Structure formats: C-alpha cells, structure tokens
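Every chain is numbered from 1, with letters handed out A, B, ... down the list of sequences. These numbers come from a predicted model, not from an experiment.
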Number of protein chains: 2
Amino acid sequence: MPESRPYHHGDLRSALLDSAERTLREKGVGSLSLRELARETGVSHAAPGRHFKDKQALLDALALAGYDRLAEVLAAAYDPALPLQPRLTALARAYLAFATENAELLALMYARKHEPEAAEQMAAGVDRSVGSLGRVIADAQRHGEVVEGDPERLTLFMGATLHGIAALTAGGLLDADEAFGMTEDLIHHLLHGLKPR
Amino acid sequence: MPESRPYHHGDLRSALLDSAERTLREKGVGSLSLRELARETGVSHAAPGRHFKDKQALLDALALAGYDRLAEVLAAAYDPALPLQPRLTALARAYLAFATENAELLALMYARKHEPEAAEQMAAGVDRSVGSLGRVIADAQRHGEVVEGDPERLTLFMGATLHGIAALTAGGLLDADEAFGMTEDLIHHLLHGLKPR
DNA sequence: ACCTGAACACCGTTCAAGT
DNA sequence: ACCTGAACACCGTTCAAGT
C-alpha cells in the first residue's frame, strides 16, 4: 500500500468495477458516470478510458461478472441429494434471492448489449446458469420423474417461469416476500400443471 | 396546419411522446435526449420542461402508454369462444408479439421508476394486463378445466411464465422465431406439468 | 504501459424574459 | 398559458503530453 496517491494506480480496472458495482446497487444505473467513478477512485476522468473502451464496455463487464456470480449461486444451491420438488424449490429461491439482492445488475444482465463480442460471452453466461436447470431436468427424466421430450424445451419452460417471477420481483411489480412465499406453490404448479388430474 | 412555425406548438406534449416512442424503437433509450426531441419537434430545448417535469416523467408517460397498448393487445387476443389451450396460446402469442415489437418499451415498462405516483399507475397498468389472464383462469376453474386454488396465484404462475419467455426474447437471449415456435409446447407444459401422469 | 489536462460536443434543468 | 435564450453544472470521448 503506497503512502498517498501514486501515479499508477496498480489495479485500476478492478477498482473501477468494484466502485461501479457499489454505485449500481446503491444508486442505480442512471447515477453511474465514468467521471464520478474516476473521482471516487482518485484518478483522472480520462483514466477509465484506458481500461474500458467506452461506458458500455464497463457495463458489459459488470453484467458478465454478474453471470459468473449467478452461476455460482445456482451451482451452490443445486443439491442432487434432495428429491425433485425441494431441489427445484432451492434453485428457484436461490435465483429469486440473487434477483432481489441485485435487481439493477439483473436488468443490466438482461439488457440488449451493443458490443457484439460481449453479447457472445453473455450467451455463454446464460448457458452456464441454465446448465444447473438442465442438469435437474435431464437427471429427473432419467429417473422417470419428468415427462419425456426435448430436454432443452423443458428446461426453457422452467427457466422462463423462474426468470418471470425473478424479473417481476426485481422490477418491483411483485413484493419480494410475497414471491418467496409462493415459490413452493409455483414449483408445485410447474410439476403438476394447471389441469386437474 | 399553420404555415411555418408558430410560437405555440399546439399539442407539444403528444408530439414529444410520439417522437420519443419512435426514437425509443429505432435507437433505444440510450439515444433518447430531451434536447434532440425538442430539435426534431422544432421547439426550443427548454420547451419539453413545460410538459414533463423531468426526463423520467417523459419515460414514465411512455411506459404508461405502453401498458395501455399491451392491455388492448391482450384484450383483443382474448377469445372466449376458443377451447382453453388455444385460448391461452393466443394470449401468449399476443404478448410475445408485443414484446418483440416493443422490446425497448417493455424494458422501460418493467424498470424501477422513481416518481412514486407513476409507480401507482404502473401497477394499475399491470393489473389491467394481468386481468385478461385472470379471466381465463377464473373461467376455466368454473368449468373444472383448471385445478382449484387461489386464482391469483395461478394467474401469477401463468403470467410469470409468459413474462419469462417474453422478457428473454425481448432481451435478445432467445430468438423470436424460436420463441414463437415453442409457444404451443409451453402452454401444453403449463397445463399438464412436468411430471408424467 | 499507464495516467493527466485540456478540449470538444454533447447533456438535463432552471429561470428571467418574451409572445 | 406557453415558449425562448442564456446560463449552470454536469456528462463521455479523444488526444497530445507527461511519468
């Protein structure tokens, strides 16, 4: 740790990302400016330009990091020892928790990005997260606990439902506690359908 | 139609909204500026301030109009003469079409707004749209075509699923044609569930 | 290789003054 | 009642120059 403010920051890139993530969480994307970020990090306003080609590149990097964390959270919540229904409930709750705790970040993750190479990595990030769901479906199909059919479609059906409540909750249209409270019910309907048996 | 450019515009408010909606669709929220809007409308840069307290107020107005149009689209797609499954498929397709044709607007509609009074109207807009779904569920329950239980929860389950694919598609994470192609399947799973019968 | 300072072309918002 | 023009405090981005 150098005594005051050295000419070279050392790890400006990750310092900017950390600062940006905090601002995003506390004040929203609208209040995120490169100049303000530079000020907080004690660096000139032009310095961020060395590490991020433009503002969108920084936002893309934030979103990408978000996908990494989401994939971790889901992987951690995936417990193959659990029966199907609680296994899915745990995954749903994990996603919901991530969505409510990172509402602004989630919006960034699912926004249309402009930089084409970032979009590619974004898709890969989605795949990694959807992977946890896909494993559950494929595994359950093998045990005859889930209907036969294209596992990708089944996974997408399930993913869409989870993403739906998560997005509605993150957007403030659904109360977080309410969403958590109905997760079990939701998974039940997902498994048993709306039609009476 | 006055000959050149009169001092008073006449209906500046709706002219600004029209222009904003076009810009939103063609270039995205990022490229939407009040000054540019004023220029396009042939008015001074300070004029919009008379009709919208700030930029967010204009965005809120756009989102609100979006809810109106979505409610219309859904109401038009709601055909009580159809059997349950095609009735739901039609609603899902209508929402999906709206989402793909108004991707940027949809993001605005489901974003956290700051002006508290707008948030209230926003919630009302959601209710109106969800209303179409709620009617289908309540009606189907009466005919024994859908399981018993809190109709609001069932509606929300269904709404979350539809919103999920729509949001993923609007966000570019799911190809629009692919999403349309799997709509029928999706509704099938919604009705019959993932568990084998 | 990394950062600064000045410069450029934009913003949103406010407010006296004009019609 | 509605709009203008100037002013203010911000932006993002670029680029020569400094370390």
Peer 1: Expressed in angstrom and rounded to an integer, what is the separation of B:D54 atom CG from C:dG12 atom P?
Peer 2: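 Going from CG in B:D54 over to P in C:dG12 covers 11 Å.
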
Peer 1: Mind calculating the distance between CG (B:L16) and P (D:dC2) to the nearest angstrom?
Peer 2: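 Checked: the CG to P distance equals 13 Å.
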
Peer 1: Are A:R39 and D:dC11 close enough that a side-chain N or O sits under 4.0 Å from OP1 or OP2?
Peer 2: yes

Peer 1: Please determine whether any donor N or O and acceptor N or O are separated by less than 3.5 Å between the side chain of B:R50 and the base of D:dT4.
Peer 2: no

Peer 1: Using purine N1 to pyrimidine N3 plus N6-O4 or O6-N4 for Watson-Crick, or N1-O2 and O6-N3 for G-U wobble, both under 3.5 Å, which nucleotide pairs with D:dA9?
Peer 2: none

Peer 1: CG of A:L190 to OG1 of A:T183: how many Å apart, nearest 0.5 Å?
Peer 2: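 So the CG of A:L190 and the OG1 of A:T183 are separated by 11.5 Å.
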
Peer 1: What's the CG-P distance between A:L37 and D:dC10, to the nearest Å?
Peer 2: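 Computing the A:L37:CG to D:dC10:P distance gives 16 Å.
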
Peer 1: Rounding to an integer number of Å, can you tell me how far A:L58 CG sits from D:dT13 P?
Peer 2: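 Taking atom P of D:dT13 as the reference, CG of A:L58 is at 10 Å.
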
Peer 1: Applying a 3.5 Å limit to both distances, which nucleotide forms a Watson-Crick or G-U wobble pair with C:dG18?
Peer 2: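 The base-pairing partner of C:dG18, which may sit in any strand shown, is D:dC2.
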
Peer 1: Find which nucleotide of DNA chain D each of B:A47 and A:A46 is nearest to by heavy atoms, and output the residue with the more 5' nucleotide.
Peer 2: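 In this pair, the answer is B:A47.
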
Peer 1: Of all the nucleotides listed (D:dC3, C:dC11, D:dT4), which has the minimum atom distance to the side chain of B:R35?
Peer 2: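 The closest nucleotide is C:dC11.
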
Peer 1: Please find the pair of heavy atoms, one from A:D11 and one from A:S14, that lie closest to each other, and give the distance.
Peer 2: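 Heavy atoms of A:D11 and A:S14 come nearest at OD2-OG, 2.6 Å.
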
Peer 1: Roughly, in whole Å, what's the span from CG in A:D11 to C1' in C:dC2?
Peer 2: 13 Å

Peer 1: Could you tell me the separation between the CG atom of B:L34 and the C1' atom of D:dC10, rounded to a whole number of Å?
Peer 2: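 Going from CG in B:L34 over to C1' in D:dC10 covers 15 Å.
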
Peer 1: To the nearest 0.5 Å, what is the distance between CG on B:L84 and CD on B:E145?
Peer 2: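 With rounding to 0.5 Å, CG (B:L84) is 5.0 Å from CD (B:E145).
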
Peer 1: Of A:E36 and A:K53, whose closest DNA chain D nucleotide lies nearer the 5' terminus?
Peer 2: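 Per heavy-atom nearest nucleotide, the more 5' residue is A:E36.
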
Peer 1: According to the interplanar angle, ranging from 0 to 90°, do the rings of A:H163 and A:Y110 count as parallel (below 30°), tilted (30 to 60°) or perpendicular (above 60°)?
Peer 2: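 The arrangement is tilted - the two ring planes meet at 30° to 60°.
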
Peer 1: What nucleotide, of D:dC3, D:dT13, C:dC3, holds the atom closest to the side chain of A:K55?
Peer 2: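 Out of D:dC3, D:dT13, C:dC3, the nucleotide with an atom closest to A:K55's side chain is D:dT13.
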
Peer 1: To the nearest Å, give me how far apart CZ (A:F52) and P (C:dC3) are.
Peer 2: 12 Å

Peer 1: May I ask you to verify if any side-chain N or O of B:S33 is less than 4.0 angstrom from the OP1 or OP2 atom of C:dG12?
Peer 2: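 Yes.
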
Peer 1: What is the separation between atom NZ on A:K27 and atom P on D:dC11, rounded to the nearest whole Å?
Peer 2: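 Those two atoms, NZ and P, are 10 Å apart.
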
Peer 1: Is it true that A:R69 and A:E21 have a side-chain N and a carboxylate O under 4.0 angstrom from each other?
Peer 2: yes

Peer 1: Heavy atoms under 4.0 Å, any strand shown: does A:H45 hit a base, just sugar-phosphate, or nothing?
Peer 2: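 Counting heavy atoms under 4.0 Å across all strands, the contact made by A:H45 includes a base.
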
